[in-house]
Amino acid sequence: MKIERKVIDTDLLIIGGGTAGCMAAVEAKERYPQLKVTILEKAHIDRTGCLAGGMNAINAYLNKGETPESFTEYVKWDSCGLIREDLVKSMASLFEYSVKKVEKWGLPILSDDKGNYQPRGRWNIKINGESLKPILAKAARSAGAQVYNWIVTTNLLMDDDNRVVGAVGFSLRNNAFYVVRAKATIMATGGAARLYRPNNPGDAAYKTWYCPYNTGAGYAMGIRAGAEMTSFEMRYVALRTKDAIAPTGTIALGANAPQINSKGENFMATRYAHLGGDHAPTPFRTYGPLQEIKEGRGPVYLDTRGLSPEKASGLKAAYLDMYPSQVLYWAANNIDVSQQPVEVQATEPYIVGGHCQSGYWVDENRKTTLEGLYAAGDVSGGAPYKFVSGCWAEGVIAARAAGEYISHAKPVSISEEKITLEEERTYQFLHNSKHRYPISPVELEALMQKVMSQYAGGSETGFEMNEEMLLQARARINQLPEIAETLIAGDMHQLMKAHEVVDRIDVAAVLVEHLLYRKETRWPSYQTRIDYPEKDDANWLLFVNSRRDLKSGKIEMMTREARPPAAIPDSLGG
Ligand SMILES: Cc1cc2nc3c(=O)[nH]c(=O)nc-3n(C[C@H](O)[C@H](O)[C@H](O)COP(=O)(O)OP(=O)(O)OC[C@H]3O[C@@H](n4cnc5c(N)ncnc54)[C@H](O)[C@@H]3O)c2cc1C
């Protein structure tokens, strides 16, 4: 098959046209209008990533009386004492700036008669965000960013000084190999879903809470290039509605529904009162229900019984703004939520730097440890509780810093030899007839998910793990790259699937090392070491970081001190 090569020269490359990526593009074009800004997006920018189905709340906002400092304190408590305060504070200082911008672009934010946003709990505001993604996409295009849709980015381009000078990818729509040479690059590909067996089987496996097409490509590209990563062991295990896997905050916060077990007990308020009850840190609000089920008091529900007809219909309207399939599920199954409680379940673990803090180790400017590379949104580490607005804030910070870097960056130089190697790597699985017994992407994915689910704390072991299990996971995951060489893809869609599984194997290998390294239980349910059940602040109030050695391929582990909050530079204030 003839592959056409398309070479694009740009100043700033943004990989992933999602929440953070779109905001970064606008900020870059507004601050530095002379810059050429290019976005590579795997799907179509109008409906991609976490925002594809819409959104009904902005979960990180400073409601009346709150400050970046009070937000940072809250996030630190919610994350069991360990966060990068400098990152969380600098992001919070830009919530207002980002939210106001998106409102100006057309996002309806619910307000009272006096124009004050309607709070939903301490940090949330309500929105009618069904069209949030097209609004962001339009803003990025209108600002002048050049968007390339249907391009699966497969690797970063590194020059001889180990500086990131762009990326390569392939088109899902034609036989074109894209080479984008850039003075600076922002990674904004979101987190990683489908590392573990999803809740639903077969074709329904794509009914995951986290966007199923965010498969950790951004992490994997960084790992392969030798970037330092942090906190992969803080996995996100989400409490979601049964079968539909919809977010539960809409019910818990929007309708004030408590969690109950099969005996009708409000167990968080009683059995887990010592942990904070209904207001315990987020991991404990998943741990509580998991314990109830484990000890035979499941299923677990959110008690919506007795909701007034107005409240019940308000709940459906809220889901239509974000997760319409939940409303369809209730309709199809003839469920009236004011008559019966809504069953909830834990999802398989995701790696995500927005709800948790797994991702690139960055400085305050969201610069990674690789020169020329910045990270924003769920792919970036150390700053949990980002949600939509934190991803926007990080997009703004990264764009400002990348623009500044570009003003004095050296010209880009990359050898033809390196580009050819990347082209070969990208298409290696297409009609891969070298092997007598090739494996399909679906088969390899099943192998990987089986190992992760059974040995690395998946739902099959109640999300718990010990040293022996993790050593098994390590041995088995480390066999998969060799098997991956026999992957076969018959078309571009299959080729994407092949790269998605290769990326997730690289992420899974790092994740297992992180889970092995942290010998305590800091975030029960996210990271439960049954052989080290206690939180151990004396030894483990530290970040667990990793870096793949480029020569040996070995994953090196290290710890880093949590950093104190720095003064926020004026340039970040808005
Ligand atoms: C179902 C759901 C509900 C949520 N509800 C809320 C809520 O109510 N309020 C709130 O504040 N937050 C909510 N969140 C969290 C919030 O949506 C995310 O934290 C945020 O949108 C992540 O932004 P991001 O830019 O990091 O990733 P995304 O917005 O997902 O963008 C990543 C982009 O990268 C692209 N990409 C991936 N791989 C590649 C590749 N190889 N090449 C090129 N492009 C690639 C993807 O297609 C995607 O467009 C929710 C998340 C989910 C999943």
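Just so you know, ligand 1 is whichever comes first in the structure, and atom 1 is the first atom listed for that ligand. The shown structure was predicted, so the numbers you read here are calculated from the model rather than taken from an experiment. Because only heavy atoms are used, hydrogens play no part in the values below, and waters and symmetry mates are left out as well, while side chains stay in.
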Engineer: Nearest protein heavy atom to atom 47 (O) of ligand 1, by residue and atom, and its distance?
Structural biologist: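 Heavy-atom neighbour on the protein nearest atom 47 (O) of ligand 1: Glu41 OE2, 2.6 Å.
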Engineer: Return the residue, atom name and 0.1 Å-rounded distance of the protein heavy atom closest to atom 31 (O) of ligand 1.
Structural biologist: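 Looking only at protein heavy atoms, the one closest to atom 31 (O) of ligand 1 is Gly18 CA, 3.3 Å.
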Engineer: Do the charged groups of Asp363 and Arg84 touch, with an N to O distance under 4.0 Å?
Structural biologist: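 No, Asp363 and Arg84 are not salt-bridged.
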Engineer: Could you list the atoms of ligand 1 found under 4.0 angstrom from a heavy atom of Ala217?
Structural biologist: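 Numbered from 1, ligand 1 contributes 41 (N).
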Engineer: If the test is side chain to side chain contact (heavy atoms under 4.5 Å, CB included), which one of Tyr178, Phe177, Phe170 qualifies with Ile151?
Structural biologist: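 Testing Ile151 for a side chain to side chain contact (heavy atoms under 4.5 Å, CB included) against Tyr178, Phe177, Phe170 leaves exactly one candidate, Tyr178.
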Engineer: Under a 3.5 Å threshold, yes or no: a donor from one side chain and an acceptor from the other, between Ser380 and Lys386?
Structural biologist: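 No, no side-chain donor-acceptor pair sits under 3.5 Å.
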Engineer: How close do Lys497 and Pro441 get, counting heavy atoms only, and between which atoms?
Structural biologist: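 Closest heavy-atom pair between Lys497 and Pro441: CB-CB, 3.6 Å.
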Engineer: Does one side chain, of Asp243 or Tyr329, offer a donor that lies under 3.5 Å from an acceptor on the other?
Structural biologist: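 The criterion, which ignores hydrogens and geometry beyond distance, is satisfied for Tyr329 and Asp243.
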Engineer: Is it the case that ligand 1 has an N or O less than 3.5 angstrom from some N or O of Thr153?
Structural biologist: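 Yes; the residue has a nitrogen or oxygen that sits under 3.5 Å from a nitrogen or oxygen of the ligand.
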Engineer: Looking only at distances, can you tell me whether any N or O atom of Ala20, backbone or side chain, sits closer than 3.5 Å to an N or O atom of ligand 1?
Structural biologist: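 Yes, at least one N or O pair falls under 3.5 Å.
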Engineer: Run the side-chain contact (heavy atoms from CB on, under 4.5 Å) test on Trp209 and Tyr236 for me, step by step, so that the C-alpha distance in whole Å, both residues' side-chain angles and the decisive distance to 0.1 Å come before the verdict.
Structural biologist: CA-CA 11 Å; Trp209 165 73; Tyr236 185 47; 3.6 Å; yes
Engineer: Considering only protein heavy atoms, which is closest to atom 26 (O) of ligand 1, and at what distance to one decimal place?
Structural biologist: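 Answer for atom 26 (O) of ligand 1: Asp378 N, 2.8 Å.
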Engineer: With atoms numbered from 1 as shown, which atoms in ligand 1 lie under 4.0 angstrom from a non-hydrogen atom of Pro247?
Structural biologist: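 The list of qualifying atoms is 3 (C).
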Engineer: Under the criterion salt bridge (Lys or Arg N to Asp or Glu O under 4.0 Å), I'd like the reasoning laid out for Glu130 against Arg47: C-alpha separation, chi angles, the key distance, then a yes or no.
Structural biologist: CA-CA 11 Å; Glu130 189 282 330; Arg47 284 279 174 193; 2.9 Å; yes
Engineer: Run the salt bridge (Lys or Arg N to Asp or Glu O under 4.0 Å) test on Arg31 and Glu27 for me, step by step, so that the C-alpha distance in whole Å, both residues' side-chain angles and the decisive distance to 0.1 Å come before the verdict.
Structural biologist: CA-CA 6 Å; Arg31 284 246 157 175; Glu27 186 68 19; 3.3 Å; yes
Engineer: Among protein heavy atoms, which lies nearest atom 27 (O) of ligand 1, and at what distance?
Structural biologist: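 The protein heavy atom lying closest is Gly190 CA, 3.6 Å.
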Engineer: What I'd like to find out is whether the side chain of Val388 reaches to under 4.5 Å of the side chain of Asn59, using heavy atoms alone.
Structural biologist: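 Of all side-chain heavy-atom pairs linking Asn59 with Val388, none is under 4.5 Å.
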Engineer: How far is atom 44 (N) of ligand 1 from its nearest protein heavy atom, and which residue and atom is that?
Structural biologist: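 Residue, atom and distance for the closest contact: Lys42 N, 3.1 Å.
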Engineer: Is His355 touching ligand 1 with its side chain, its backbone, both, or neither, if touching means heavy atoms under 4.0 Å apart?
Structural biologist: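 Side chain only.
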Engineer: Against heavy atoms of Gly49, which atoms of ligand 1 measure under 4.0 Å?
Structural biologist: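 Listed by number with element: 30 (O), 48 (C), 49 (O).
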Engineer: Can Asn199 and Thr347 be counted as having a side-chain donor-acceptor contact under 3.5 angstrom?
Structural biologist: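 Distance-only check fails for Asn199 and Thr347.
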Engineer: Is it possible for you to check whether Arg240 lies under 6.0 Å from the centre of the six-membered ring of Tyr350, through NZ or CZ, and within 45° of that ring's axis?
Structural biologist: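 Relative to the ring axis of Tyr350, which defines the angle, Arg240 lies outside at least one limit.
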Engineer: What are the atoms of ligand 1, with element, lying closer than 4.0 Å to any heavy atom of Leu40?
Structural biologist: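 What qualifies from ligand 1 is 43 (C), 44 (N).
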Engineer: Quick one: does Gln146's side chain get under 4.5 Å of Ile8's, heavy atoms only?
Structural biologist: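 Gln146 does not reach Ile8 side chain to side chain.
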Engineer: May I ask you to check whether Ile15 has an N/O atom sitting below 3.5 Å from an N/O atom of ligand 1?
Structural biologist: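 Min N/O separation from ligand 1 is not below 3.5 Å for Ile15.
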Engineer: Among all protein non-hydrogen atoms, which one is nearest to atom 37 (C) of ligand 1, and what is the separation to 0.1 Å?
Structural biologist: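 The closest one turns out to be Thr189 O, 3.6 Å.
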Engineer: Among Thr10, Asp11, Asp9, which one satisfies side-chain hydrogen bond (donor to acceptor under 3.5 Å, both in side chains) with Lys183?
Structural biologist: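 Output: one option passes, namely Asp11.
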Engineer: Measuring from the heavy atoms of Met55, does anything fall under 4.0 Å of ligand 1?
Structural biologist: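 The answer is yes, since Met55 has a heavy atom less than 4.0 Å from ligand 1.
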Engineer: Between Glu500 and Lys42, does a side-chain contact (heavy atoms from CB on, under 4.5 Å) hold up when you go through it step by step?
Structural biologist: CA-CA 11 Å; Glu500 285 182 347; Lys42 176 179 174 180; 2.8 Å; yes
Engineer: On a heavy-atom basis, I'd like to know which of Ala188, Gly21, Gly216 is closest to atom 33 (C) of ligand 1.
Structural biologist: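 It is Ala188 whose heavy atom sits nearest to atom 33 (C) of ligand 1.
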Engineer: Out of Tyr61, Tyr323, Tyr148, Trp209, whose heavy atom is nearest to atom 2 (C) of ligand 1?
Structural biologist: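 Looking at heavy atoms only, Trp209 sits closest to atom 2 (C) of ligand 1.
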Engineer: Tell me whether Gly377 has any N or O atom under 3.5 angstrom from an N or O of ligand 1.
Structural biologist: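 By distance alone, the answer is no.
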Engineer: How far is atom 17 (O) of ligand 1 from its nearest protein heavy atom, and which residue and atom is that?
Structural biologist: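 For atom 17 (O) of ligand 1, the nearest protein heavy atom is Cys50 CB, 3.4 Å.
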Engineer: Asn214 to ligand 1: N or O pair under 3.5 Å?
Structural biologist: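 Yes.
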Engineer: Tell me whether Val152 has any N or O atom under 3.5 angstrom from an N or O of ligand 1.
Structural biologist: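 By distance alone, the answer is no.
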Engineer: Are the side chains of Val344 and Pro289 in touch, meaning some heavy atoms are under 4.5 Å apart?
Structural biologist: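 When only atoms from C-beta onward are counted, Pro289 and Val344 do not touch, as no gap falls below 4.5 Å.
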Engineer: Under 4.0 Å from a heavy atom of Ile151: give me the atoms of ligand 1 that qualify, with their elements.
Structural biologist: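 Every atom of ligand 1 under 4.0 Å from some heavy atom of Ile151: 42 (N), 43 (C).
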Engineer: Which residue and atom name correspond to the protein heavy atom nearest atom 8 (O) of ligand 1, and how close is it?
Structural biologist: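 Scanning the protein heavy atoms, the shortest distance from atom 8 (O) of ligand 1 goes to Ala57 O, 3.4 Å.
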Engineer: Is the centre of the Tyr213 ring less than 6.0 Å from the centre of the Tyr206 ring?
Structural biologist: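 Ring-ring flag for Tyr213/Tyr206: true, centres closer than 6.0 Å.
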Engineer: Where does Lys386 meet ligand 1, judged by heavy-atom distances below 4.0 Å: at the side chain, the backbone, both, or neither?
Structural biologist: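 No part of Lys386 comes within reach of ligand 1.
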Engineer: Tell me whether Thr19 has any N or O atom under 3.5 angstrom from an N or O of ligand 1.
Structural biologist: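 Checking ligand 1 against Thr19, an N or O pair does fall under 3.5 Å apart.
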Engineer: Is there at least one pair of N or O atoms, one from Ser389 and one from ligand 1, spaced under 3.5 Å apart?
Structural biologist: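 No: no nitrogen or oxygen of Ser389 is under 3.5 Å from one in ligand 1.
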Engineer: Closer than 4.0 angstrom: is that true for some heavy atom of Ile45 and an atom of ligand 1?
Structural biologist: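 No, Ile45 has no heavy atom closer than 4.0 Å to ligand 1.
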